[in-house]
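Everything on this sheet refers to the single structure shown next.
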Protein chains: 2
Amino acid sequence: MTPSRRTQAASATRDAEAWLGNLELARTDGAAPDAEQPFRSVGFTISTTGYAIARRFQELLAPLGLHPRELALLQAVARDEGVTQQAIAERMGLFPSRMVALVDGLEKRRLLKRRHNPDDRRARALYLTPKGHQLLGRAFAVAIEQEQLLTSELTDEEREQLLELLARVGIHVGIPPGVHPGLGHAALADE
Amino acid sequence: MTPSRRTQAASATRDAEAWLGNLELARTDGAAPDAEQPFRSVGFTISTTGYAIARRFQELLAPLGLHPRELALLQAVARDEGVTQQAIAERMGLFPSRMVALVDGLEKRRLLKRRHNPDDRRARALYLTPKGHQLLGRAFAVAIEQEQLLTSELTDEEREQLLELLARVGIHVGIPPGVHPGLGHAALADE
DNA sequence: TATTGTTATACTCTATAACTATA
DNA sequence: TATAGTTATAGAGTATAACAATA
């Protein structure tokens, strides 16, 4: 049933790596890894689940012709029309040279456009086109749909509690307690 | 205070990407992204937290000269001494050609060694050296230390509940309910 | 003829450095 | 002289294909 090992790979969308996905931790007391009672690590579980979610989201986004990174850029522009490329590059933790290619691609597809900043003709201000706004809306719909699926097994209370517990864990890896949109990721981005 | 944008990058260990780390979702009802009440997405939060955990783990592992992928390999061999490269490659979702480089590196460092399988002289059986066993032990110690830090703010009950809630979310992205060590990641690895 | 492991090659992605046009 | 954006280049990392030894 397993296809030949030479062809099998071609189909896989095996992009990054499953992070800790292949790692199975021993029990806390240091017993042998194959001990009877399995120890489920919180870190491992969050990491694995988070990877699977991100990956699925990327798949859901693909039909729109959008990579998560592109969506992030579109959203950053929508939130703050007229920002310069550099400002966004800094906010997203990208190199200026990467920004160029990223913006090029979206501009070619008429999702956003560059204009010269009249005050400083070196700088390029970014704006979404109507088509960009529309696609952004569709991408949000996808995200919201996934979110609803993910939480479909949870009551509102459980959902809140999950977020609260995650926050208490996240503190130890540099995720600020009150994750406000627009500020949340900054700490992550620059170490 | 910000260093020149030309030099700043050199220091960054900005490896993969922050997945959904830059993505901030709108509210469920589709209101404007900058609406007053922030909506915290479960998918976004798990993904971001999991990425930060994996990344921190990678940093903690670096002083041992070990990449998570190498640790995964060492552990797979420890769990099943004498396995062939191909068996492990399949289990870890790696291409045979990638396995070669991976094993080469670890063998050069005397952490494991290849032997010819007497039954089938094409196949190479993998074994850990004592040094490999020792390093694996140290890596586990690091993992356990991180796990303890991550859960230091949680009671045992809360920890169990967090795992339970995560499992209920994970079902929707293909993570099997009872994540037994040794089986857990398989579904993820080959789509 | 098929299979294990290997080597060689091509391709993608990202980081660094050099360049231009403005300031 | 410094800065925003761009282009060009080099370096990882990874997938594909060709190959040698063995079955």
Side-chain angles (χ1 to χ4, degrees), chain A residues 2-19 58 67-70 73 77 82-108 112-126 189-191, chain B residues 2-19 58 67-70 73 77 82-108 112-126 189-191:
Chain A
T2 24
S4 147
R5 93 177 211 271
R6 305 295 173 187
T7 57
Q8 154 214 25
S11 68
T13 320
R14 189 174 294 140
D15 36 295
E17 73 190 30
W19 289 112
Q58 186 170 346
H67 186 278
R69 198 184 309 116
E70 295 174 314
L73 173 56
V77 175
V83 267
T84 66
Q85 285 189 202
Q86 178 167 291
I88 290 194
E90 213 160 293
R91 197 179 305 167
M92 288 178 60
L94 298 178
F95 288 90
S97 57
R98 276 192 71 192
M99 270 302 289
V100 174
L102 194 56
V103 172
D104 277 356
L106 295 176
E107 190 172 37
K108 211 163 290 173
L112 55 75
K113 59 186 167 186
R114 293 182 243 234
R115 290 195 209 140
H116 275 293
N117 185 332
D119 296 341
D120 181 345
R121 287 183 46 79
R122 291 174 305 181
R124 306 300 220 100
L126 301 180
D190 45 65
E191 178 79 0
Chain B
T2 24
S4 147
R5 95 178 208 272
R6 304 298 172 183
T7 57
Q8 154 213 25
S11 67
T13 320
R14 189 174 297 141
D15 35 296
E17 74 188 29
W19 289 112
Q58 186 170 346
H67 187 277
R69 199 184 308 117
E70 295 174 314
L73 174 57
V77 174
V83 270
T84 66
Q85 284 189 200
Q86 177 168 290
I88 290 194
E90 212 160 294
R91 197 179 304 166
M92 287 178 60
L94 298 178
F95 287 90
S97 56
R98 273 191 73 192
M99 270 302 288
V100 174
L102 195 54
V103 172
D104 276 356
L106 294 176
E107 190 172 36
K108 212 163 287 170
L112 55 75
K113 60 186 167 190
R114 292 182 244 235
R115 289 194 210 142
H116 275 293
N117 185 333
D119 296 341
D120 182 345
R121 288 182 47 77
R122 291 174 305 182
R124 307 299 221 100
L126 300 179
D190 45 64
E191 176 78 1

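Any value given below was found using the heavy atoms of this structure, including those in side chains, with hydrogens, waters and symmetry copies removed. Throughout, protein chains are lettered first and strands after them, A, B, ... in sequence-line order, and every chain is numbered starting at 1.
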(message) Check this one for me: any side-chain N or O of A/Arg98 less than 4.0 Å away from OP1 or OP2 of D/dG5?
(response)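 Checking D/dG5 against A/Arg98, no side-chain N or O comes under 4.0 Å of OP1 or OP2.
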Nucleotide of [options] approaching [X] most closely (side-chain heavy atoms):
X: B/Arg69; options: D/dT14, C/dA15, D/dA4; answer: D/dT14
X: A/Arg124; options: C/dT7, D/dG5, C/dT4; answer: D/dG5
X: A/Gln86; options: D/dA4, D/dA15, D/dA23; answer: D/dA4
X: B/Ser97; options: C/dA2, C/dT7, D/dA8; answer: C/dT7
X: B/Phe95; options: C/dT6, D/dT7, D/dA15; answer: D/dA15

(message) Regarding B/Thr84, tell me which of base, sugar-phosphate or nothing describes its non-hydrogen contacts under 4.0 Å with the strands shown.
(response)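 Sugar-phosphate only.
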(request) Select base, sugar-phosphate, or nothing to describe what A/Asp120 touches, counting heavy atoms under 4.0 Å on all strands. (result)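 Sugar-phosphate contact only.
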Would you mind reading off the distance between [X] atom [atom1] and [N] atom [atom2], rounded to a whole angstrom?
X: A/Leu94; N: C/dA15; atom1: CG; atom2: C1'; result: 12 Å
X: A/Leu102; N: C/dT12; atom1: CG; atom2: C1'; result: 15 Å
X: B/Met99; N: D/dA15; atom1: CE; atom2: P; result: 14 Å

Under a 4.5 Å cut-off applied to non-hydrogen side-chain atoms, are [X] and [Y] in contact?
X: B/Gln58; Y: B/His67; result: yes
X: A/Ile88; Y: A/Thr84; result: no
X: B/Arg91; Y: B/Val83; result: yes

(request) Return yes if a side-chain donor-acceptor contact under 3.5 Å exists between A/Arg114 and A/Gln85, otherwise no. (result)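 The answer is yes; a qualifying pair exists.
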(message) Under 3.5 Å, is there any donor-acceptor pair linking the side chain of B/Arg122 to the base of C/dT3?
(response)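 Per atom types, the contact qualifies.
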